[in-house]
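Here's the structure, in structure tokens; my notes come after.
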Amino acid sequence: MQFQIIKYLLTFFFRVTLHLISLASSAVQFIVDSGEQVKVAIVHYWFVGMRGGEKVVEEICRIFPQADIFTLVLDRKAISDTILMHPIKTSFLQKLGGAKHYQKMLPLMPFALESFDLTGYDLVISSEAGPAKSIVTRPDAVHICYCHSPMRYLWDLSHQYLSNSGRLARMVMQLTFPWLRQWDLASATRVDHFIANSAFVARRIRKYYRRDSAVIHPPVSVERFSISRDVDDFYLCAGQITPYKKVEVAVEACTALGRKLVVLGSGASKQLKAAAGPTITFLEKVDDATMEYHFSHCKALLYPGMEDFGIVPLEAMASGRPVIAYGRGGALETVVDRKTGMFFYEQTAQSLSQAMLAFEAAEHLFDAEEIRRHAQLFSATRFRQELSNFINGVLETSELAPSRSRTRDGVQGSAVITHFPLPLNPNSLN
């Protein structure tokens with residue numbers, strides 16, 4: 001028994017030591033000429049899981065290991081140790097409804113965000129997909145917003161969310177959304193510099209906020225995935241099931257063609273399951289090992305939604321598997337037609353079915369190693385380099401930044417300010 005306890009403690013301290021070494025090796029210290037370190041705050045909308053937005057925050061934490069984190073609500077069991085090692089301050093919504101009921105408290109979020117006291121911070125980085133950018137900073141502080149997307153349920157997908165809501169929720173949304181749009185637009189003026197996670201999102205930032213933005217693609221944990229020698233006879237859909245992801249298109253297409261489809265992710269409705277034929281399998285809650293297995297063994301990933309960027313296709317490509325994607329949105333910046341996947345151009349089962357048949361006829365032409373090499377262009381290391389370089393440039397040139405700020409250690413990277421029309425080259429940042 002004592003031996004097991006000692007073994008556990010040694011293992012724990014070994015892992016903590018490795019984590020601290022990793023943070024130290026990836027961190028860039030931002031200081032002013034007086035030698036004083038810039039005080040950094042990271043603001044994220046909510047921590048209720050480890051999805052794409054939280055993965056971005058995780059990498060920002062690696063750049064700034066001493067940053068403080070502010071968020072509306074927090075579920076400590078749902079986020080990574082890298083994030084939990086930072087001091088995290090939640091809003092009053094944590095006590096009202098917490099992570100379990102955060103979606104019902106949208107009208108209160110402006111008040112909760114503005115209640116955060118950020119006067120002690122020189123640099124504030126907000127991570128925006130839900131509300132985050134509306135925080136109030138010091139007049140001489142620099143506020144950089146990494147925008148995963150303007151809030152889709154307030155803007156381009158508002159009618160879709162309304163049609164999929166119950167009567168009471170729909171009434172509340174209709175009453176509050178006009179006011180929330182005004183608030184969202186006004187809060188965009190509080191941001192000094194926007195970063196978009198894709199050129200597609202940069203266009204939407206320009207459309208709704210009338211602001212230019214830099215484009216830095218989010219990080220993908222390419223090292224988590226590997227190529228399998230054995231490929232099974234099933235297609236794959238992966239990720240949380242929401243209306244705009246159009247999973248029903250893949251279900252209908254595979255049912256009609258008699259092809260096997262595995263749907264990984266929670267949120268499948270009774271109607272979706274009822275429409276599925278005998279070749280469709282739903283796996284709602286899976287661990288990382290199961291997820292990685294399906295990515296590496298699937299025939300191809302089916303991606304029928306229009307995403308802002310889309311990390312899931314790159315995770316499939318990191319596993320050497322092709323992607324059959326709807327040819328709009330962020331997929332145009334990650335999938336290379338006929339090399340790492342194929343496109344279809346109507347969100348219908350018929351259009352997807354035709355693309356699947358075309359893929360099956362040309363499946364032998366896709367090279368797993370080449371597909372994986374493409375995914376490596378979107379690595380977490382690349383993201384940290386580009387973001388650090390962008391922040392360094394802002395602190396050196398901004399009139400709001402502390403006097404003559406600079407980094408102690410320079411890094412390589414690039415970020416492109418998108419003035420419209422946007423560049424069409426999806427690899428311009430890699």
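These values consider heavy atoms only, across backbone and side chains, with no hydrogens, waters or symmetry-generated copies.
Shown here for Lys339 and Ile371, the closest heavy-atom pair between the two residues is O-CG1, 3.5 Å. Nearest approach of Tyr45 to Glu128, heavy atoms of both residues: CE2-C, 4.0 Å. The minimum heavy-atom distance linking Ala196 with Ser213 is given by the pair CB-OG, 3.9 Å. Residues Ala318 and Val222 share a closest heavy-atom pair of CB-CG1, 3.9 Å. Ser228 and Val231 make their closest contact through O-CG2, 4.5 Å (heavy atoms, listed as atom of the first residue, atom of the second, distance). Taking all atoms of both residues into account, the shortest heavy-atom contact from Val43 to Leu118 is CG2-CD1, 4.4 Å.
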Item to complete: Start with the C-alpha distance between Ile135 and Glu114, add both sets of side-chain angles, then the distance that settles side-chain contact (heavy atoms from CB on, under 4.5 Å), and finish with yes or no.
Response: CA-CA 5 Å; Ile135 39 91; Glu114 292 181 6; over 6 Å; no

Item to complete: Mind running side-chain contact (heavy atoms from CB on, under 4.5 Å) on Met317 and Val335 for me, showing each step along the way?
Response: CA-CA 9 Å; Met317 286 184 266; Val335 179; 4.0 Å; yes

Discussion item. Using the rule given for side-chain contact (heavy atoms from CB on, under 4.5 Å), can you reason through Leu261 versus Leu236, listing the C-alpha separation, both sets of side-chain angles and the distance that settles it, and then say yes or no?
Written reply: CA-CA 6 Å; Leu261 172 68; Leu236 180 68; 5.6 Å; no

Discussion item. As a quick check of understanding, evaluate side-chain contact (heavy atoms from CB on, under 4.5 Å) for Val142 and Leu395, giving each step before the final call.
Written reply: CA-CA 8 Å; Val142 175; Leu395 293 181; 4.3 Å; yes

Item to complete: Begin from the C-alpha positions of Tyr146 and Phe194 and carry the test ring pair (Phe, Tyr, Trp, His ring centres under 6.0 Å) through to its verdict.
Response: CA-CA 6 Å; Tyr146 187 92; Phe194 270 103; over 10 Å; no

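In this structure, the separation between CD on Glu307 and CG on Asn197 is 10.0 Å, given to the nearest 0.5 Å. In this structure, SG in Cys61 is found 3.5 Å from NE2 in His86, a value given to the nearest 0.5 Å. A distance of 11.0 Å separates CZ in Phe282 from CG in Leu264, rounded to the nearest 0.5 Å. Remark: Ile144 CD1 to Thr137 OG1 distance equals 11.5 Å, nearest 0.5 Å. Rounded to the nearest 0.5 Å, atoms CD (Glu386) and CD1 (Ile195) are 10.0 Å apart. Asp75 contributes atom CG, which lies 12.0 Å from atom OG1 of Thr90 (distance to the nearest 0.5 angstrom).
In this structure, Ser319 contributes its side chain and Glu315 its backbone to a donor-acceptor pair below 3.5 Å. No donor-acceptor pair closer than 3.5 Å links the side chain of Ser198 to the backbone N or O of Phe309. With hydrogens and angles disregarded, no donor-acceptor distance shorter than 3.5 Å links the side chain of Arg372 to the backbone of Gly320. Not a single donor-acceptor pair under 3.5 Å links the side chain of Ser351 to the backbone N or O of Gln347. No side-chain donor-acceptor contact under 3.5 Å links Ser221 to the backbone of Arg224. Side-chain atoms of Arg382 come within 3.5 Å of backbone atoms of His217 as a donor-acceptor pair (strictly under, hydrogens ignored). Remark: side-chain polar atoms of Asn392 are not paired, donor with acceptor, to backbone N or O of Val394 under 3.5 angstrom. In this structure, the side chain of Arg211 engages the main chain of Val191 through a donor-acceptor pair within 3.5 Å.
Under the ring-ring contact (aromatic ring centres under 6.0 Å, His included) rule, Phe116 has a single partner from Phe92, Phe70, Phe111, which is Phe70. With Asp233 as the fixed residue, the salt bridge (charged side-chain N to carboxylate O under 4.0 Å, His left out) test singles out one of Lys260, Arg259, Lys299: Lys299. Under the salt bridge (charged side-chain N to carboxylate O under 4.0 Å, His left out) test applied with Asp212, the options Arg206, Lys207, Arg203 reduce to a single match, Arg206. Considering Ile83, Leu93, Ile79, Ile69 in turn, Ile79 is the only one that fulfils the side-chain contact (heavy atoms from CB on, under 4.5 Å) rule with Leu74.
The environment of CD in Gln350 is sparse: at most 12 heavy-atom neighbours from other residues, nucleotides or ligands sit within 6.0 Å. The environment of CD in Gln66 is sparse: at most 12 heavy-atom neighbours from other residues, nucleotides or ligands sit within 6.0 Å. In the displayed structure, Glu346 atom CD is contacted under 6.0 Å by at most 12 heavy atoms of other residues, nucleotides or ligands.
Salt bridge annotation for Asp122-Arg138: present, with a cationic side-chain nitrogen under 4.0 angstrom from a carboxylate oxygen. A salt bridge links Arg204 to Asp308: one of the charged nitrogens lies within less than 4.0 Å of a carboxylate oxygen.
Counting heavy atoms from C-beta outward, Glu333 and Phe200 have side chains that approach closer than 4.5 Å. Looking only at side-chain heavy atoms (C-beta outward), Glu369 and Ile227 come within less than 4.5 Å of each other. Residues Tyr121 and Val40 form no side-chain contact, since every pair of their non-hydrogen atoms from C-beta on lies 4.5 Å or further apart. The shortest distance between side-chain heavy atoms of Leu283 and His294 falls below 4.5 Å. Under the 4.5 Å side-chain criterion, counting only non-hydrogen atoms from C-beta, Cys298 is not in contact with Tyr235. Under the 4.5 Å side-chain criterion, counting only non-hydrogen atoms from C-beta, Thr340 is not in contact with Val323. Side-chain contact between Ser126 and His143 is present, with heavy atoms from C-beta onward closer than 4.5 Å. Put simply, the side chain of Phe390 reaches to within 4.5 Å of the side chain of Ile216, judged on heavy atoms.
Between Tyr293 and Asp232, the side chains place a donor N or O and an acceptor N or O closer than 3.5 Å (distance only, hydrogens not considered). Judged by distance alone, the side chains of Arg321 and Ser296 never bring a donor and an acceptor atom under 3.5 Å apart. In the model, Asp184 has a side-chain atom that pairs as donor or acceptor with a side-chain atom of Tyr209 under 3.5 Å. A donor-acceptor contact under 3.5 angstrom links the side chains of Glu58 and Ser80, judged on distance only.
In this structure, His374 and Phe378 have perpendicular ring planes: the angle between them is above 60°, well past the 30° mark. Under the 30°/60° scheme for interplanar angles, the aromatic rings of His44 and His148 are found to stand perpendicular.
When the side-chain contact (heavy atoms from CB on, under 4.5 Å) test is applied to Val249, the partners found at least two apart in sequence or on another chain are Lys246, Pro304, Leu352.
Aromatic rings of His297 and Phe234 (six-membered ring for Trp) have centroids beyond the 6.0 Å cut-off, not under it.
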